[in-house]
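Here the structure comes first, spelled out in structure tokens, and everything after it is commentary.
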Amino acid sequence: MPRKTVQKPFTITVIVQGTVIKDNYSGDGKRVSGFRRNYKHADILKLKMKARTLLDGRKKLPVFKVKDELMKQLMEHRVSVVIGETGSGKSTQIPQFLMKQIKGKIAVTQPRRVAAINLATRVSEEFGCDVGRDVGYAVRFNNATSYKTMLKYMTDGMLLREMMLDPLLSDYSAVIVDEAHERTILTDMILGFLKELLVRKRKDDKNFRVIVMSATLDADKFSAFFNKAPIFFIEGRLFHVDRYYLPHSVDDIIDSMVKSIIQVNQEQTKGDVLCFLPGQEDIDKVTSILHQIAPALPREAPMIVPLPLYAALPPQQQLKVFDKVKPHQRKVILSTNIAETSVTIPGVRYVIDSGLRKIKVWRHELGLSTLLTVPISKASASQRTGRAGREAPGKCFRLYTENDYIKLSQNTEPEIIRSEIVYPVLMLKRLGVDDILNWFWLENPGRSALIAALQQLYALNALSDSGKITDLGEQMAVLPVTPHLGAVLIQASKFGVLSTVMDIVACLSVDNLILTPPSEQRDVINAKRRETCTLGDRYGDLVMLKELFNIYNDISSSDERRIWCKSLGVSYKGFKNVLRIRKQISQYMDSMDGRKNEKERHSGVEDGNKSKNDDSNEDEIKTSVPLNYELVLKSFLKGFITNTAIGMPDRSYRTVTSGDTISIHPSSLLFGKKIDAVMYIEHVYTMKGYARNVSAIKTDWLREMAPHCLDRG
DNA sequence: TGGGGATTT
């Protein structure tokens, strides 16, 4: 073959689907824990004995009392909605009942990884098998299933991924969608796809079953969506919780929270206190106030032990909420929404609820997000209240009036109508949905949001002029990163800087990797970062990430890594995750590329002059090659061409798309610098418009990298 | 010199 300088840009069509999902599953290459190929009779006996001891407990669950009636309904209808309150046992028992009655595999989806893993672990004990045998789970980086697995707990994201590879879900004869009331984007997407399956693709398969499980009383919505599917109600097993309201509304939620905590501590008997506040800032304030005043409080009341809890908190500190305290002490946990569903803390008898939470709202017409503090819904208020009644009767103090409560909306607004939906739309396109506007949306995001998403995809070359998915779009749909970052990766491959860009993309895919240092350490840590990342100091945050990645990767011992992370205010746990994601991305890029050009590969330096990167060794991370920042940043422009701004003489920046003023966020290494043009990964609006994860670019790069979209505005 | 809720492939 006469090919010397220019090689084929990309082997686009060769997405080996089986390989992709296999790679995905093997993830970090860990073997399924506890799974053994050769079973001894004694082992099985032991597992079955254990299961038998659990049976008595199971029979006491509310769901067991209605088993026959419930199963009759589930068997008679293709779709059922099951309302099961907390403690009903629905998530563990119903799948097992179903297992005995139907042939074929059952999928149970969960919004969160830990829930999927814990449920599978519990249910396999009850069933009498090792996890990954008859009962297993599948979450990112961890697959505990085998050919024998008939009941599979999995995250919503995993089932969607399987759908992308097998739109018929032909492996399954039943899908149970759990926690549907949470209305996450992914759950909503699954429900839409299932409806499509039922009315079109598997219309005649009368044995295919869908069960929607919800904890709240919004079942009518689901029932109506699935053509008036019957609703089955199972009561829960929570203790009674008394509710108290304030006589008047308050303005200062921090003051009000502190006063309530002190009052509860003095007036109420034994039991820990869980307080819900909207965000980190409020939590830190209340925590420090409590630390200050705790010693001065009356001796006869328990000693307050304030404990903050939010996602950005280092894991070690998060775990402190589970520590036991001395008899004369009382835990006061100050938490965000994380304690509403994700973290359950034993010992809580009292809940104090600010009635607020924070949400990120995407403005698709502006391409930016805003962070708002908003009142919770009644459903959420009830969920928070329930946290006080898990072990014994409890009390819930609401820091708002009863009249305020009455005015709250019934249910939490579904995520999909306030989010960026580029990826959901790409999924639809990938599954061949042409009429996006009239798809089976449980909640239609609206015409303008859908059109904005289509335009984004078009600008990324994921869609053709006729609105069909392109080969590039197919690749983006399969990559485990946002479509924007997917476009960047594919461009980087063409530029021959894939390895470096994968490092950076992996860093960008991890939340809270670069931490905001406490104010007293801020200057020291900022200076240290600039000193460590000399190129990042010039070219911006993406280059900084690469520099940090290199150093982290070159440190051999985990102790040293930990110390290094601390000194720079970056997350150790985050970086461990970066490596896993880096590996997964690398495997996907490899499998996409196919093995066609095997012989043409050249090993060695990633210098960007070669049109095709050597990918046979992509798992080998390159930390020693010189950084070609220009090609790296140009690759990013491919995905973020609309996130650019030009520096003005007065040191402000104006966005290329709208001409609006935007400022470099103070957390950026480029903050306070005078730069001709910048590209940013995220545009957030708080007090004013801020660019986050900023890089210095040249204005002529814009024209060079600008696809068809720039002219259109 | 700002502030960041929670998920997931």
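In what follows, chains are A, B, ... by sequence order, proteins preceding strands, each numbered from 1. Heavy atoms only: backbone and side chains are in, while hydrogens, waters and symmetry mates are out.
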Give one of base, sugar-phosphate or nothing for [X], where a contact means two heavy atoms less than 4.0 Å apart.
{"X": "A:Thr516", "value": "base"}
{"X": "A:Asn526", "value": "nothing"}
{"X": "A:Arg113", "value": "sugar-phosphate"}
{"X": "A:Ser667", "value": "base"}
{"X": "A:Asn512", "value": "nothing"}
{"X": "A:Glu182", "value": "nothing"}

For the pair made of [atom1] in [X] and [atom2] in [N], what is the distance, rounded to whole Å?
{"X": "A:Tyr690", "N": "B:dG4", "atom1": "OH", "atom2": "C1'", "value": "14 Å"}
{"X": "A:Asp282", "N": "B:dG5", "atom1": "CG", "atom2": "C1'", "value": "11 Å"}
{"X": "A:Arg140", "N": "B:dT9", "atom1": "CZ", "atom2": "C1'", "value": "5 Å"}
{"X": "A:His181", "N": "B:dA6", "atom1": "NE2", "atom2": "P", "value": "17 Å"}
{"X": "A:Met158", "N": "B:dT8", "atom1": "CE", "atom2": "P", "value": "12 Å"}
{"X": "A:Phe193", "N": "B:dT9", "atom1": "CZ", "atom2": "P", "value": "17 Å"}
{"X": "A:Asp188", "N": "B:dT8", "atom1": "CG", "atom2": "C1'", "value": "14 Å"}
{"X": "A:Glu420", "N": "B:dT8", "atom1": "CD", "atom2": "C1'", "value": "15 Å"}

Determine: side-chain N/O of A:Arg183 to OP1/OP2 of B:dT7, distance under 4.0 Å, yes or no.
no
Respond yes when some side-chain nitrogen or oxygen of A:Lys358 is under 4.0 Å from OP1 or OP2 of B:dG4, and no when none is. yes
For this session: Check the side chains of A:Ser509 and A:Arg582 for a donor-acceptor pair under 3.5 angstrom, ignoring hydrogens and angles.
Result: no
Does A:Phe640 have its ring centroid less than 6.0 Å away from the ring centroid of A:His484? yes
Walk me through it: do A:Thr187 and A:Thr184 pass the test side-chain hydrogen bond (donor to acceptor under 3.5 Å, both in side chains)?
CA-CA 5 Å; A:Thr187 307; A:Thr184 68; 2.8 Å; yes
A:Arg390 meets the salt bridge (charged side-chain N to carboxylate O under 4.0 Å, His left out) criterion, sequence neighbours left out, with none
dist A:Met213:CE -> A:Phe222:CZ (nearest 0.5 Å) comes out at 12.0 Å
With hydrogens left out and only the distance checked, is there a donor-acceptor pair under 3.5 Å joining A:Arg692's side chain and the base of B:dG2?
no
Record whether the side chain of A:Arg161 comes under 3.5 Å of the base of B:dT9 through a donor-acceptor pair of N or O atoms. yes
